[in-house]
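Note sheet for the following structure.
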Amino acid sequence: MKIVNTFLSILVFFLTFIFLYQIIYFGYIDSNKVESYVDNIKLTDKVNLEIKKDNYFISNVNKTYKDLLSMKYKYKDIKNIEKDSNINLVLSSIMINKITNLKEGTTPDNTYTKNKLDQTLLNNKFSDELKLYIISNDYKIIEFENRINSKVKIINNVFKPFRFIFNKLSVIISLVLVLLISILFIINKKYSNIFIPLLITNFLNIIISIIILALLNTKYKYTVINYFFYNFILNILKKSVILSVVIIFFAIILITIISINNKKKIKKIKPRIRKEIKDEEDFGFGL
């Protein structure tokens, strides 16, 4: 029976861990929140970013900004060009397309052809010089998307065996199994088999969140993920940590209450005193 309880405790750990990330996935990744973050990106707010190692996209953003300055455009003019050229809309559409590929596990394709890209980026307000510059440099956007496509394919192949975890049926199955196993432990008064896996799961989630945040600010500081989604990921990590802290807090309270009740029950049970039976007559003859 001890082996069965240990196995069920391990199962509770894995199921609660999966369930926690399912909540995060469906609450954030599988929603319009990603789109709102991407739509609010302004490239002119991110120019002149110093990078320690070469990054194709960031380097091109900085180079384009410097090119426009050399063409005698001021910062205010460049902001207007950014708005009128629909460049943020183009990038938003590309990123949303890639996120959809990641969510659904589909093969990524290009969002824009060169002709469609030219039609979207060019504006009648622009000078001939600016139009020529855009037409000559829009291949960089296509090349940027091709680079992302290759990475999306790799990620999809890695996570292909685990995709079944992140569907609504598996969420229901995970929750039902955790509840059934928990009820079984409660009936058998094996409370530690529920709370210890629960505590470990949430402590582990906090540690993972800290590690991810540290990586975003060090190893992945000068990457496209950080460039576009730092605030979005930070928001997810904050909510995830808060959720884990709340669960840990309530779990500790419940453990304390159960521990106090168990101690009270032990105190109420009086020890049995063995009565000494004395014989009416002494047959020891004084020996």
Side-chain angles (χ1 to χ4, degrees), residues 1-34 36-37 103 159 161-217 229-273:
M1 192 64 186
K2 189 176 180 181
I3 296 171
V4 174
N5 287 335
T6 304
F7 171 75
L8 290 175
S9 296
I10 294 169
L11 191 60
V12 168
F13 166 75
F14 281 110
L15 286 173
T16 50
F17 195 78
I18 290 168
F19 185 66
L20 180 65
Y21 280 88
Q22 284 170 336
I23 292 171
I24 295 167
Y25 176 83
F26 284 110
Y28 291 94
I29 307 302
D30 196 28
S31 69
N32 293 325
K33 291 182 182 179
V34 177
S36 66
Y37 272 84
K103 285 193 298 184
F159 286 97
F162 309 102
R163 284 205 172 272
F164 73 95
I165 293 173
F166 295 102
N167 59 53
K168 292 180 181 179
L169 179 60
S170 74
V171 173
I172 295 168
I173 292 170
S174 298
L175 182 59
V176 170
L177 283 174
V178 169
L179 289 173
L180 287 175
I181 296 170
S182 299
I183 291 167
L184 180 65
F185 282 136
I186 290 168
I187 291 169
N188 291 288
K189 297 183 179 179
K190 302 285 184 182
Y191 302 109
S192 62
N193 292 73
I194 306 169
F195 292 116
I196 290 174
L198 196 63
L199 287 172
I200 293 172
T201 297
N202 287 281
F203 274 121
L204 185 60
N205 179 52
I206 292 171
I207 293 168
I208 290 171
S209 298
I210 293 169
I211 291 170
I212 291 171
L213 185 59
L215 288 172
L216 280 174
N217 287 288
F229 298 112
Y230 180 82
N231 290 330
F232 176 68
I233 295 170
L234 183 63
N235 194 30
I236 292 176
L237 293 177
K238 283 180 182 177
K239 297 284 177 70
S240 176
V241 168
I242 289 169
L243 179 63
S244 286
V245 168
V246 170
I247 292 171
I248 289 168
F249 177 74
F250 281 107
I252 290 171
I253 288 175
L254 288 170
I255 289 168
T256 305
I257 292 168
I258 291 166
S259 179
I260 292 169
N261 286 337
N262 288 338
K263 285 180 180 178
K264 285 181 180 179
K265 286 177 183 178
I266 292 168
K267 285 180 181 179
K268 285 179 182 179
I269 299 170
K270 294 181 179 180
R272 293 182 181 179
I273 301 171

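When reading the values below, keep in mind they use all heavy atoms of this one structure, side chains included, and skip hydrogens, waters and symmetry mates.
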Compare all side-chain heavy atoms of [X] with those of [Y] and state whether any distance is below 4.5 angstrom.
X      : Y      : result
Leu175 : Phe19  : yes
Leu169 : Phe164 : no
Asn202 : Val246 : no
Ser244 : Leu20  : yes
Leu8   : Asn193 : no

Please round to the nearest 0.5 Å and tell me the distance separating atom [atom1] of [X] and atom [atom2] of [Y].
X      : Y      : atom1 : atom2 : result
Ile200 : Ile207 : CD1   : CD1   : 10.5 Å
Leu177 : Ile18  : CG    : CD1   : 10.0 Å
Lys238 : Asn231 : NZ    : CG    : 8.5 Å
Leu179 : Ser174 : CG    : OG    : 11.0 Å
Leu204 : Ile211 : CG    : CD1   : 8.0 Å
Ile210 : Leu215 : CD1   : CG    : 12.0 Å

Q: Determine the minimum heavy-atom distance between Asn5 and Lys190, stating which atoms define it.
A: ND2-CE, 3.8 Å
Q: Search all heavy atoms of Arg163 against all heavy atoms of Lys103 and return the closest pair with its distance.
A: NH1-O, 3.2 Å
Q | Evaluation steps, side-chain contact (heavy atoms from CB on, under 4.5 Å), between Ile247 and Leu243 | A | CA-CA 6 Å; Ile247 292 171; Leu243 179 63; 4.1 Å; yes
**Q.** Verdict with reasoning, Phe185 to Ser9, per side-chain contact (heavy atoms from CB on, under 4.5 Å)
**A.** CA-CA 9 Å; Phe185 282 136; Ser9 296; 3.9 Å; yes
Q | Parallel, tilted or perpendicular, as decided by the 30° and 60° cut-offs, for the rings of Tyr21 and Phe17 | A | tilted
Would you say [X]'s side chain and [Y]'s backbone share a donor-acceptor pair under 3.5 angstrom?
X      : Y      : answer
Ser259 : Ile255 : no
Asn188 : Leu184 : yes
Ser209 : Leu237 : no
Ser240 : Ile236 : no

Q: Before giving the answer on side-chain contact (heavy atoms from CB on, under 4.5 Å), spell out for Leu199 and Ile248 the whole-Å C-alpha distance, their side-chain angles and the decisive distance to 0.1 Å.
A: CA-CA 6 Å; Leu199 287 172; Ile248 289 168; 3.9 Å; yes
Q: Using the side-chain contact (heavy atoms from CB on, under 4.5 Å) rule, take Phe195 and Ile258 through it: C-alpha gap first, then chi angles, then the decisive distance, then the call.
A: CA-CA 11 Å; Phe195 292 116; Ile258 291 166; 3.6 Å; yes
(Q) Taking atom CD1 as the centre, does Ile253 end up with more than 12 heavy-atom neighbours from other residues, nucleotides or ligands that are less than 6.0 angstrom away? (A) yes
